[in-house]
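Because the structure is predicted, anything quoted here is derived from the model rather than measured.
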Amino acid sequence: MSQRQVLQVFEQYQRARTQFVQTVAELAMRPQNIETLQNAGVMSLLRPLLLDVVPTIQQTSALALGRLANYNDDLAEAVVKGDILPQLVYSLAEQNRFYKKAAAFVLRAVAKHSPPLAQSVVDCGAVDALVVCLEDFDPGVKEAAAWALGYVARHNAELSQAVVDAGAVPLLVLCIQEPEVALKRIAASALSDLSKHSPELAQTVVDAGAIAHLAQMILSPDAKLKRQVLSALSQIAKHSVDLAEMVVEAEIFPVVLTCLKDPDEYVRKNSATLIREIARHTPELSQLIVNAGGVAAVIDCIGNSKGNVRLPGVMMLGYVAAHSENLAMAVIISKGVPQLAICLSEEAEDHIKAAAAWSLGQIGRHTPEHARAVAAANVLPKLLSLYMDTESSEDLQVKAKKALKNILQKCTHLPALEPLLHDAPPNILKHVVGQFSKVLPHDSKARRLFVTSGGLKKIQEISADPGSPLQEYINTINNCYPEEIVRYYSPGYSQTLLERVDHYQPVIS
């Protein structure tokens, strides 16, 4: 065989390898092909090609492995068991930028599925190698490395700590200062994933100077970047008063309120989440948000959104109102109650209704004036209906019941309470009757209305245990009226009158 023929054989072999890895990489993009590729043992065929002498074959085989591992945890597990990760880690330090991106993609695809798989990525030394890639000249390599590190960190505090210990945080903060928008997005996302697990991890991100740089990007024209920036600031602010105050001190108000009007629904949601995480800590932080116009802006956002996008705003109103009478009144004055009532009626998801019920309870629990504002929005019958509905989730039933009790115990607006006399179960009814027993002794006009509306008649129909609080409330109400009026509206009284007619002997002159 001549030298030329030998070279031709090598060229054919190289073309065959190239065609093989390219075809597998393309097939792996379509979910319907994954099982066939797995059954054909493609993993073991791709592994030696990671060490191929031809760089494009190495890169494409890594890309194919990444796509396969990305599909499900079984294939990711196969990558781990096939001892492929150490090869990738070794090559990260040695190969060109194209291979580095492909290798980081495989590591990310493995790490994303579960904490044990992410731990496998840590155990093979990949985190240190990925941190080195954050210093690479090529922004695409930095982006791929940051993405992989974020996927390791997102699972739990231990894995996040491994990323922190490898020195990733200062380099990620440098990455959010780079000009490339895609790199900024992924680095901000990774900082968010690192911050979310504990105050200590969030403090590490803060100590690296992240807040100031993140705050500067709140008004970025790129919606996807804004999503990640707002998420990262939320994950920092949620842990403690000190961290929330640090975020506020970066002068995010009032600029963050403009994000509540953003066309991108995830920007709106993450912005409301950030405001919620700040508001929940102290009355002072909530007051700062009120002073900046934050409550009105959140209420507008709730009105212009649907579904889960509304949820953080709904909860934020509850957190603000819970702190004090004045803050709850600020929510009322800003027309927050009607908007929460709409959520209670319109939303299909029980967890959103539960949040609205909780927030209404926080607003109405302070004084009779607060309770009246809530009751006037006609939410009491709706809360009762949700509590009694067997289709409601347990959480919704609990929150609707708690909200009802909170509002009822302060409500002296009797027209709003009267419908509940006819529909409420005994455990709610005692609170309703209790409020009537507080108001009627001191209000003659209310006593008259209570008779003409049928309320007194309904009270006589209630069966209560002797000596129970409910029976005491009924006695207090009955004592507000002449005995013959009470007797007149008592069950069976008309029959008693008819019997008297039957037995009455007219006087015949």
Side-chain angles (χ1 to χ4, degrees), residues 237 241 244-245 248 253-254 257 260 272 275-303 310-344 353-384 398-417 420 428 430-432 434-439 442-443 446:
V241 176
E245 286 176 347
V248 169
F253 291 104
L257 302 182
L260 292 168
I275 297 166
R276 177 193 74 193
E277 297 300 353
I278 293 168
R280 62 197 283 260
H281 288 295
T282 65
E284 291 75 21
L285 285 168
S286 281
Q287 189 64 58
L288 183 147
I289 291 165
V290 170
N291 295 346
V295 167
V298 166
I299 292 166
D300 287 344
C301 177
I302 294 169
R310 281 175 158 172
L311 183 60
V314 167
M315 294 176 68
M316 176 266 183
L317 296 179
Y319 281 125
V320 170
H323 285 304
S324 72
E325 291 178 19
N326 290 341
L327 287 166
M329 191 52 71
V331 176
I332 292 168
I333 291 167
S334 299
K335 306 287 192 293
V337 173
Q339 203 60 68
L340 290 169
I342 289 169
C343 293
L344 206 61
K353 289 188 213 175
W358 174 78
S359 290
L360 286 163
Q362 297 306 314
I363 295 167
R365 71 182 176 85
H366 292 286
T367 69
E369 190 180 358
H370 291 80
R372 180 176 183 137
V374 175
N378 201 33
V379 298
L380 296 180
K382 184 62 182 173
L383 286 169
L384 181 62
V398 168
K399 286 194 166 61
K401 178 185 176 185
K402 180 70 173 169
L404 262 175
K405 287 186 175 180
N406 282 345
I407 299 162
L408 288 174
Q409 284 168 358
K410 294 293 180 181
C411 187
T412 56
H413 183 52
L414 301 189
L417 297 177
L420 303 188
I428 299 296
K430 68 179 180 184
H431 297 290
V432 179
Q435 291 308 107
F436 280 102
S437 73
K438 291 177 187 174
V439 176
H442 312 290
D443 189 335

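Contacts of Lys438 classified as side-chain hydrogen bond (donor to acceptor under 3.5 Å, both in side chains), with partners at least two apart in sequence or in another chain: Gln435. Not counting sequence neighbours, the partners of Lys402 by the side chain to side chain contact (heavy atoms under 4.5 Å, CB included) test are Asn406. Judged as a side chain to side chain contact (heavy atoms under 4.5 Å, CB included), and not counting sequence neighbours, the contacts of Asn326 are Ser324. Under the salt bridge (charged side-chain N to carboxylate O under 4.0 Å, His left out) criterion, Arg310 pairs with Glu346, Glu347, sequence neighbours left out. In this view, Tyr319 and Trp358 satisfy the ring-ring contact (aromatic ring centres under 6.0 Å, His included) rule, not counting sequence neighbours. Every residue two or more places apart in sequence or in another chain was checked for a salt bridge (charged side-chain N to carboxylate O under 4.0 Å, His left out) with Lys353, and none qualifies.
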Anything under 3.5 Å between a donor and an acceptor, one on a side chain of residues 283-302, the other on a protein residue two or more places apart or in another chain? List them.
from   : atom 1 : to     : atom 2 : distance (Å)
Ser286 : OG     : Ala279 : O      : 2.8
Gln287 : NE2    : Asn291 : OD1    : 3.0
Asn291 : ND2    : Gln287 : O      : 3.4

Atom pairs and distances, donor-acceptor, side-chain atoms in residues 362-381, under 3.5 Å, two or more places apart:
from   : atom 1 : to     : atom 2 : distance (Å)
Gln362 : OE1    : Arg365 : NE     : 3.0
Arg365 : NH2    : Ala322 : O      : 2.8
His366 : NE2    : Ala321 : O      : 2.7
His366 : NE2    : Gln362 : O      : 3.3
Thr367 : OG1    : Glu369 : N      : 3.3
Thr367 : OG1    : His370 : N      : 3.2
Thr367 : OG1    : His370 : ND1    : 2.5
His370 : NE2    : Glu325 : O      : 2.9

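For the atom pair CG (Leu327) and CG (Leu317), the distance works out to 11.5 Å, reported to the nearest 0.5 Å. Note: Leu260 CG to Ile275 CD1 = 4.5 Å, rounded to the nearest 0.5 Å. Atoms CD1 and CD, on Ile278 and Glu245 in that order, are 10.5 Å from each other to the nearest 0.5 Å. Once rounded to the nearest 0.5 Å, the distance linking NZ of Lys405 with NZ of Lys410 reads 15.5 Å.
Shown here for Ala272 and Gly313, the closest heavy-atom pair between the two residues is CB-N, 3.9 Å.
Between the Ser359 side chain and the Val314 main chain, a donor and an acceptor come within less than 3.5 Å of each other.
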Do Leu408 and Leu420 pass the side chain to side chain contact (heavy atoms under 4.5 Å, CB included) test, and can you show the C-alpha distance, the side-chain angles, and the key distance before you say yes or no?
-> CA-CA 10 Å; Leu408 288 174; Leu420 303 188; 3.8 Å; yes
Worked check of side chain to side chain contact (heavy atoms under 4.5 Å, CB included) between Val337 and Leu360 | CA-CA 7 Å; Val337 173; Leu360 286 163; 4.0 Å; yes
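Counting only heavy atoms from C-beta outward, the side chains of Leu414 and Leu417 approach each other to under 4.5 Å.
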